[in-house]
There are 2 protein chains.
Amino acid sequence: MSSIKGKGHCRSCAIRQMSIFAQLPEAALVEIQHFQPSIIHFSANETVYHQGEAASCAYTLRQGLVRLVKTLPNGRTQIVRLIRAGDSFGFDGFIGEPYNHSAIPLCEIEVCRLPLAELLALKRQHPEIENAMMKRWIQHLREAEDMMLELGAKKASERLASFLIRWCEPVGLNGWIELPLSRSEIGELLGLTIETVSRFISDWKRQGWIEERQGRIHLLDTKQLQALACVDD
Amino acid sequence: MSSIKGKGHCRSCAIRQMSIFAQLPEAALVEIQHFQPSIIHFSANETVYHQGEAASCAYTLRQGLVRLVKTLPNGRTQIVRLIRAGDSFGFDGFIGEPYNHSAIPLCEIEVCRLPLAELLALKRQHPEIENAMMKRWIQHLREAEDMMLELGAKKASERLASFLIRWCEPVGLNGWIELPLSRSEIGELLGLTIETVSRFISDWKRQGWIEERQGRIHLLDTKQLQALACVDD
DNA sequence: CGCAATTTTGACCTGTTTCAAGCCAGGTGG
DNA sequence: CCACCTGGCTTGAAACAGGTCAAAATTGCG
């Protein structure tokens with residue numbers, strides 16, 4: 001079950017530097033002490049909010065990984081974005097619309113729940129917040145465009161190679177990194193079946209281009225993957 | 001060739017009501033008279049800006065239709081958004097990034113070119129502009145998510161039916177409406193080949209579900225199309 | 001150890017692309 | 001005014017990528 005762990009305080013927040021409140025000056029942090037969003041824990045697959053629900057809060061992810069998923073009436077699904085610590089999501093209420101997707105944790109997570117009304121007021125008063133939110137929306141729009149290119153113009157192996165390269169970027173392309181997505185979740189993200197994902201990964205392991213141990217992955221031959229991936233620009 | 005037609009004046013702009021300046025009070029319009037963006041004409045397929053170019057201006061479309069296209073190094077392309085009159089595009093410069101896509105007119109167009117530096121200043125001074133831009137970004141993000149679902153989770157016929165229904169919505173689903181996209185442009189948008197698009201459209205014409213004359217289209221049996229489309233919610 | 005869940009693999013099938021003609025409408029020039 | 005050309009659209013046949021279904025292998029876990 002989800003559990004409220006108490007109230008958050010921006011002043012002492014460990015991940016504030018990664019959030020939309022990063023640029024707020026110390027003075028402002030004192031000033032907005034009345035703003036105490038709830039800190040909430042969710043376990044894996046325990047939905048934070050459902051597609052279609054009225055959107056009265058946005059969320060900032062403090063720990064873990066969340067997938068934003070859209071579902072078709074016939075049950076087919078598509079992951080439209082992965083959320084990492086520091087990222088915020090669920091702003092549909094700002095335009096008076098219900099949530100456009102469901103938010104489902106990939107593992108145990110901790111979020112900071114931000115009532116939109118209060119957030120709106122803060123945003124008005126502090127241009128730094130305003131600005132940070134704007135930048136993130138534009139960035140997300142760019143990422144969404146990139147993803148549409150992946151889904152619309154690339155083949156299975158190209159999408160998968162490109163995904164692995166992007167995923168491993170933080171470790172410079174030659175270290176081990178956690179891959180907390182199951183085969184079927186990778187499939188949901190890339191518009192492929194679990195079998196297709198598994199086949200290519202197995203094949204590339206046999207080729208010696210990647211290796212995997214206990215949910216961690218390591219790219220050995222990025223040249224080959226890069227070539228497969230149809231990398232843009 | 002593109003041609004500059006002069007300077008725009010928000011006060012007398014015919015499409016201001018549809019733009020991000022819609023909510024500005026009359027008083028503000030007088031106040032910002034120094035803001036005179038260029039009005040520019042482009043002919044069909046004459047690129048407004050290229051993917052990768054430094055982004056120093058955003059644009060508001062005054063007339064016509066624009067496609068935002070991403071291109072892979074191997075030449076494959078994907079239309080990531082269609083822009084209609086009143087819509088703005090090309091804000092990548094706000095986060096210091098080059099354009100993430102190319103903007104190419106589908107027909108003769110007229111745009112209002114907004115220098116980002118000036119727009120940023122206006123946005124700071126006038127919360128109405130700020131707010132209107134925010135709403136549009138959120139809306140575009142939602143539409144992008146919808147499109148990812150289309151591309152990732154739907155079959156060819158489902159994508160096409162769903163596209164036609166959305167396109168014809170403005171005329172209440174039983175009038176004639178302009179369809180200024182060629183088969184190959186529809187394909188680029190939906191991640192399909194021109195042949196696949198043509199086959200389904202021809203088939204549905206034979207079934208008597210749609211008709212088409214001189215670039216205009218008319219849905220006769222929306223029930224059937226709706227069923228095909230896997231309509232969400 | 002033994003069970004359940006996930007992943008892998010194989011065989012087969014289907015939807016979509018690819019390649020190749022043919023068609024049709026609109027525009028041009030003889 | 002008509003033959004011709006051009007570009008977009010349609011249609012068919014064959015190839016192929018990826019999906020589906022089913023079974024086996026592996027992994028994680030109590």
Nearest-angstrom distance from the residue atom [atom1] of [X] to [atom2] of [N]:
X	N	atom1	atom2	value
B:Arg76	C:dT17	CZ	C1'	12 Å
B:Arg159	C:dT16	CZ	P	8 Å
A:Arg183	D:dT20	CZ	P	19 Å
B:Leu160	C:dG15	CG	P	16 Å
B:Leu151	C:dT16	CG	C1'	15 Å
B:Leu181	D:dC9	CG	P	10 Å
B:Leu228	C:dG15	CG	C1'	14 Å
A:Glu188	D:dG19	CD	P	13 Å

### Message
Measuring from atom CD of A:Glu158 to atom CD of A:Glu150, what distance do you get when rounded to the nearest 0.5 angstrom?
### Response
9.0 Å

### Query
Would B:Arg216 count as a cation-pi partner of B:Trp167, with NZ or CZ less than 6.0 Å from the six-membered ring centre and within 45° of the ring normal?
no

### Message
Quick check on contacts: within residues 193-215 of chain B, what sits under 4.0 Å from DNA chain D by heavy-atom distance?
### Response
B:Glu195, B:Ser198, B:Arg199, B:Ser202, B:Lys205, B:Arg206

### Message
Counting the atoms with a prime plus P, OP1 and OP2 as sugar-phosphate, which does B:Gly191 contact under 4.0 Å by heavy atoms, base, sugar-phosphate, or nothing?
### Response
sugar-phosphate

### Query
Which heavy atom in A:Lys70 sits nearest to a heavy atom in A:Gln51, and how many Å separate them?
CA-OE1, 3.5 Å

### Task
Over 60° means perpendicular and under 30° means parallel, so classify the ring planes of A:Phe89 and A:Tyr59, tilted if in between.
parallel

### Message
Heavy-atom count check: over 12 atoms from other residues, nucleotides or ligands less than 6.0 Å from A:Glu97 CD?
### Response
yes

### Query
Does a sphere of radius 6.0 Å around CD in B:Glu110 hold more than 12 heavy atoms from other residues, nucleotides or ligands, not counting ones at 6.0 Å or beyond?
yes

### Task
Measure from the side-chain heavy atoms of B:Lys155 and tell me the nearest of C:dT16, C:dT8, C:dT18.
C:dT16

